[in-house]
Each structure stands twice: as structure tokens, then as C-alpha cells.
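Note sheet for the following structure.
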Amino acid sequence: MTNAQTTTAKTFDVEKIRRDFPSLNQSVYGKPLVYLDNAATAQKPNAVIDVTEHYYRVVNANIHRGVHRLSQLATDAYEGAREKIRNFINAEKASEIIYTRGCTEAINLVAATYGRQNVGAGDEVLITEMEHHSNIVPWQALCEEKGATLRVAPVNERGEVELEAFERMIGERTKIVAFAHQSNSLGTINPAKEMTRMAREKGAATLIDGAQSIPHFRVDVRDLGCDFYAFSAHKMYGPTGSGALYGREELLESMPPYQLGGDMISAVSFEKTTYNKLPYKFEAGTPNIAGGIGFGAAVDYVESIGIDEIERYERELSDYAWEKLRAIEGLRIIGTAEDRGAVFSFVVEGAHAHDLATILDVEGVAVRAGHLCTQPILKKFGVPAVARAAVSLYNTREEIDRLVEAIEKAKRMLG
Ligand code: 7TS
């Protein structure tokens with residue numbers, strides 16, 4: 001632990017943190033907002049809002065091309081943010097961080113480049129049953145295109161990947177293994193390092209979907225040993241339309257570009273085009289400059305509190321929520337893995353998830369309802385839809401109590 005983290009460990013002050021997020025301070029239908037839809041997107045702190053606004057108000061210029069002052073400032077801020085992201089996930093080089101629109105685009109990038117290049121007829125791609133649609137559909141389409149097979153590792157009744165089956169399913173024809181670090185519907189935290197090791201031993205490339213892990217606990221891509229790590233800024237207090245793909249340099253170098261156009265080239269003639277060096281080879285066109293800079297500000301914000309401190313606080317609050325929710329009669333939590341994060345999907349006897357969420361909304365409590373873009377795993381658990389409360393660093397015990405009261409009220413209304 002660094003000195004800074006030791007200091008913040010003593011001073012984690014949720015009320016102070018809440019004051020950093022202006023949107024939390026509002027009422028919905030006359031009730032103070034309880035925002036528990038954090039797995040869909042997190043609220044934004046002033047630090048992120050201010051940096052983004054400053055870019056548009058003061059710095060606004062395109063990057064990597066202007067000799068003028070504003071362009072240099074914009075480029076410095078954008079590339080500075082890339083370095084912050086590199087440091088945050090402990091990648092070796094900033095050139096291994098590719099800016100994307102988000103986690104979804106990062107996965108699509110790998111499927112369209114590394115996937116198209118390396119997966120052929122008769123090959124296999126392995127995922128798990130708990131994946132988000134973003135980590136299913138790109139691989140499914142790739143396999144259809146190439147005459148390859150998409151294989152799916154099973155999940156047990158608690159919502160944990162069956163590791164023995166997972167390992168057995170990685171064979172000589174397995175070219176890519178892709179799985180979530182943390183499930184957005186079950187809350188399961190997968191043993192990503194072990195799963196990565198299993199894949200690497202068989203020579204398969206690994207992609208970890210980090211959309212739900214990156215805001216909640218420390219991610220070290222070199223310790224994990226993965227080839228690719230995909231994540232979004234907006235779930236960790238950054239702007240929407242901004243995210244990143246980490247890729248190991250050796251693989252990124254060997255891959256064809258994703259999109260073609262400005263900035264990703266080194267020289268163009270009508271006879272021949274040569275491509276730019278990493279990471280620009282994968283960043284065609286004017287990117288989301290404010291989004292990238294805001295992403296960097298989000299990293300700074302998280303680090304100012306300390307990611308380990310955030311994890312500790314959220315675990316404590318999740319334990320509280322777990323006990324409270326489990327005590328509600330007729331409520332079933334979907335996903336009871338031993339190692340789980342701050343996500344609670346549930347169904348209540350006799351209540352449709354959407355009706356439940358609508359009543360909670362009127363009580364000022366924002367949760368998500370539906371299939372959560374994870375239709376296959378919900379089908380396995382025998383539920384078409386769930387309501388989901390996802391806890392973040394600015395949530396409190398009082399808010400969990402408000403959630404529980406609202407569920408009890410909904411039960412009375414619907415029962
Ligand atoms: N992977 C996982 C595990 C996710 O939870 C999500 C988004 C994505 C990928 C896609 O991320 P995006 O930023 O590119 O959209 N999950 C959710 C959710 O649970 N509710 O809304 C979005």
C-alpha cells in the first residue's frame with residue numbers, strides 16, 4: 001500500500017464523496033434519489049464534468065495534427081490520459097492502450113481483427129454461460145463467418161464457472177478464450193488469473209471483459225497475464241462513449257487495423273498505404289477527445305480515493321445489502337457465488353421485474369430491470385427478467401434500507 005492509500009484508508013468519508021457527485025443531490029417524484037443502477041452506468045464527479053467542460057470551453061482543438069497551441073494542449077491532455085489509464089491497469093506501455101467507444105467496441109475490435117486473422121474453419125472460440133451479449137454476439141458472428149464453433153463453458157447453480165469443464169473445453173483448436181472478470185447479472189467474480197493461465201497453457205489468446213470489474217477492484221493486466229482486457233469509462237465515473245482496449249504489444253503489432261481512414265496511416269498513395277504505429281493504427285478518425293480526457297480524470301478521481309479503499313467500502317456495503325435482501329420473504333437473489341461483487345439481481349414472488357422496478361422508481365429508487373443483456377444465463381436460472389441493484393462507492397446503508405422498504409411496499413401493492 002502506498003502512503004497516499006494508507007492516509008485515505010483512515011478517511012474514507014462517503015458523505016464527502018457524495019458531494020463530489022452533483023447528480024446525486026436531487027429528488028425523483030419528491031423523494032431523494034437512491035441511485036442503484038451503477039452497473040449500467042455510474043454518476044459523474046465534478047472532477048470529470050469540469051475537465052470535460054474545460055476541454056470544450058477552452059482547449060477545443062483536434063489532436064495529433066495541429067502545430068497550434070490549442071491542438072498541442074488537446075493532444076497532451078489526451079495522451080496524458082492514455083498514460084493514466086496505462087498506469088491504472090499496470091500495462092507496460094501506453095501504446096498498448098487503444099481508445100475505443102467502450103467495452104463493446106473493444107471486444108468487437110478484437111473479434112474483427114485478431115479474430116478474423118486467427119480463427120479459421122474448424123477452430124473454436126470459448127466463452128462462458130454468464131457473458132454479456134457484448135461478449136457473445138461478436139464471437140458468434142465471427143464463428144459463423146469462419147465456419148468455426150462457439151463453445152460455452154457451463155456455470156453451476158450458484159453462478160460460478162465450472163472450472164474443470166472450462167479447462168477441458170480448451171483444446172488444440174481453441175484460438176480465443178473470452179470471459180467476464182465480473183458478471184453484470186450474477187455478480188460473480190471469476191478467477192480470471194487462473195482461467196487465463198488455463199487458456200495460455202493450451203496456446204489460446206485470452207480476452208477479459210472488464211466492464212464490471214474495473215470500477216470496483218484493482219486490475220493488473222500483467223499479473224493476470226491476459227492478452228486483451230476490454231473496459232468502459234462510463235461505469236467508472238467517466239464519460240459515455242469512451243473506453244479502452246488493452247492489448248499485448250506483440251499481438252497488437254501482428255493484427256490488421258480495425259477501421260481505416262485518417263490518423264491510422266503513416267503514408268497514403270493511390271498505389272499503397274502504410275499504417276501508423278501503435279496505438280494509432282487502431283484509432284482511425286477524430287476520436288472522442290473530451291471522452292478520453294474525461295476518462296483520465298475518472299482514473300485520477302478513483303486514485304485520489306484509492307481503488308483498494310473503494311473495494312473495501314463496497315464489500316462492506318454489499319455484505320449489508322446481502323443480509324437485508326436475503327431477509328425479505330419471497331425474494332430470490334440470482335447469483336450466489338462465493339466470490340461476488342456489488343451486484344444484486346433478484347426476483348420477487350408474484351411480481352414482474354418491470355412492475356417492481358416501476359414501483360421502486362416512484363419511491364425514488366433507481367434499479368435496472370430486464371434481461372440485463374444476459375439472456376442465456378437468465379434462461380438457465382429460469383427467469384426471463386430480474387430487477388438489479390448495483391452498489392457503488394457513493395451508496396450508503398441508509399440507501400440500502402430505502403431499497404428494502406421500497407421492495408416491501410411493492411410486495412404489498414403487487415401481492
Ligand atoms: N460487458 C459487461 C460484463 C457489461 O456489464 C457491459 C454493460 C458490457 C460488456 C458493455 O459495456 P458498454 O459500456 O460497451 O455498453 N452492461 C450493462 C448493464 O449491465 N446494464 O447496462 C449496461
Side-chain angles (χ1 to χ4, degrees), residues 35-44 48 85 98-112 127-140 152-153 155 159 161 177-190 192 195 206-217 219 226 228-246 258 287-288 291-292 294-295 298 334-335 337 339-346 353-354 357 366-378 381 383 385-392:
Y35 186 79
L36 290 170
D37 196 17
N38 295 292
T41 199
Q43 299 301 329
K44 316 304 174 205
V48 169
I85 298 164
I98 316 293
Y99 278 121
T100 65
R101 214 158 47 74
C103 182
T104 301
E105 190 180 43
I107 298 171
N108 274 274
L109 188 161
V110 177
I127 59 172
T128 83
E129 272 184 315
M130 71 172 75
E131 299 311 314
H132 186 279
H133 296 165
S134 293
N135 202 27
I136 300 174
V137 186
W139 307 119
Q140 195 170 44
V152 184
V155 162
V161 174
V177 175
F179 58 88
H181 204 165
Q182 177 177 313
S183 160
N184 68 312
S185 47
L186 306 175
T188 310
I189 298 173
N190 283 313
M195 290 165 76
T206 46
L207 178 141
I208 302 178
D209 170 350
Q212 296 295 341
S213 39
I214 203 89
H216 299 297
F217 53 84
V219 168
C226 58
F228 301 105
Y229 201 94
F231 51 110
S232 295
H234 69 98
K235 294 186 201 284
M236 57 168 283
Y237 324 109
T240 54
S242 174
L245 171 72
Y246 157 78
Y258 175 47
N288 181 356
F295 196 169
I334 308 294
D339 194 8
R340 59 191 315 294
V343 168
F344 301 93
S345 292
F346 53 90
H354 281 106
V367 299
R368 187 168 168 196
H371 54 59
L372 314 182
C373 300
T374 54
Q375 281 180 345
I377 194 67
L378 291 197
F381 277 86
V383 288
V386 292
R388 181 188 65 190
V391 165
S392 183

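Whatever order the structure lists ligands and atoms in, that order sets their numbers, starting from 1.
- Taking a cut-off of under 4.0 Å to the non-hydrogen atoms of Gln212, the atoms of ligand 1 that pass are 3 (C), 4 (C), 5 (O), 16 (N), 19 (O).
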- [ ] List the steps, then state whether side chain to side chain contact (heavy atoms under 4.5 Å, CB included) holds for Met195 with Val177.
- [x] CA-CA 9 Å; Met195 290 165 76; Val177 175; over 6 Å; no

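- Residues Ser392 and Tyr237 bring a donor and an acceptor atom of their side chains to less than 3.5 Å of each other.
- A side-chain contact (heavy atoms from CB on, under 4.5 Å) with Leu186 is found for exactly one of Leu372, Ile377, Val343, namely Ile377.
- Contact annotation for Arg368 and ligand 1: only side-chain heavy atoms (C-beta onward) come within less than 4.0 Å of the ligand.
- Between His181 and Phe217, the ring centre distance stays below 6.0 Å.
- When only interatomic distances are considered, the shortest N/O to N/O separation between Glu105 and ligand 1 does not fall below 3.5 Å.
- The proximity of Ala180 to ligand 1, defined as any non-hydrogen pair under 4.0 Å, does not occur for either the backbone or the side chain.
- For the pair Ser134 and ligand 1, the shortest N or O to N or O distance does not fall below 3.5 Å.
- Only the side chain of Lys235 comes within contact range of ligand 1, with a heavy atom under 4.0 Å; no backbone atom does.
- Each of the following atoms of ligand 1 lies closer than 4.0 Å to a heavy atom of Ser232: 11 (O), 12 (P), 13 (O), 14 (O).
- Contacts between Asp209 and ligand 1 below 4.0 angstrom, taking non-hydrogen atoms only, involve the side chain exclusively.
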- [ ] Take Tyr229 and Thr206, measure what side-chain hydrogen bond (donor to acceptor under 3.5 Å, both in side chains) needs, and give me the verdict at the end.
- [x] CA-CA 8 Å; Tyr229 201 94; Thr206 46; over 6 Å; no

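- Of the heavy atoms in Cys103, both backbone and side-chain atoms come closer than 4.0 Å to ligand 1.
- Closest approach of Ala369 to Ala357, counting heavy atoms only: CB-CB, 3.6 Å.
- Closest of all the heavy-atom pairs between Cys103 and Ala211 is SG-CB, 3.8 Å.
- Within the listing of ligand 1, atoms 10 (C), 11 (O), 12 (P), 14 (O), 15 (O) sit less than 4.0 angstrom from a heavy atom of Thr104.
- With ligand atoms numbered from 1 in the order given, ligand 1 contributes 1 (N), 2 (C), 4 (C), 6 (C), 8 (C), 9 (C) to contacts under 4.0 Å with heavy atoms of Ala211.
- Defined by atom type and a distance below 3.5 Å, a donor-acceptor pair is present between the side-chain atoms of Ser134 and Thr104.
- Residue Arg388 places a heavy atom less than 4.0 Å from ligand 1.
- In this structure, Arg101 does not count as a contact residue of ligand 1, since none of its heavy atoms falls inside 4.0 Å of the ligand.
- Under a 3.5 Å cut-off, the side chain of Thr41 and the backbone N or O of Asn38 do not form any donor-acceptor pair.
- For atom 4 (C) of ligand 1, the nearest protein heavy atom (residue, atom name, distance) is His132 CD2, 3.3 Å.
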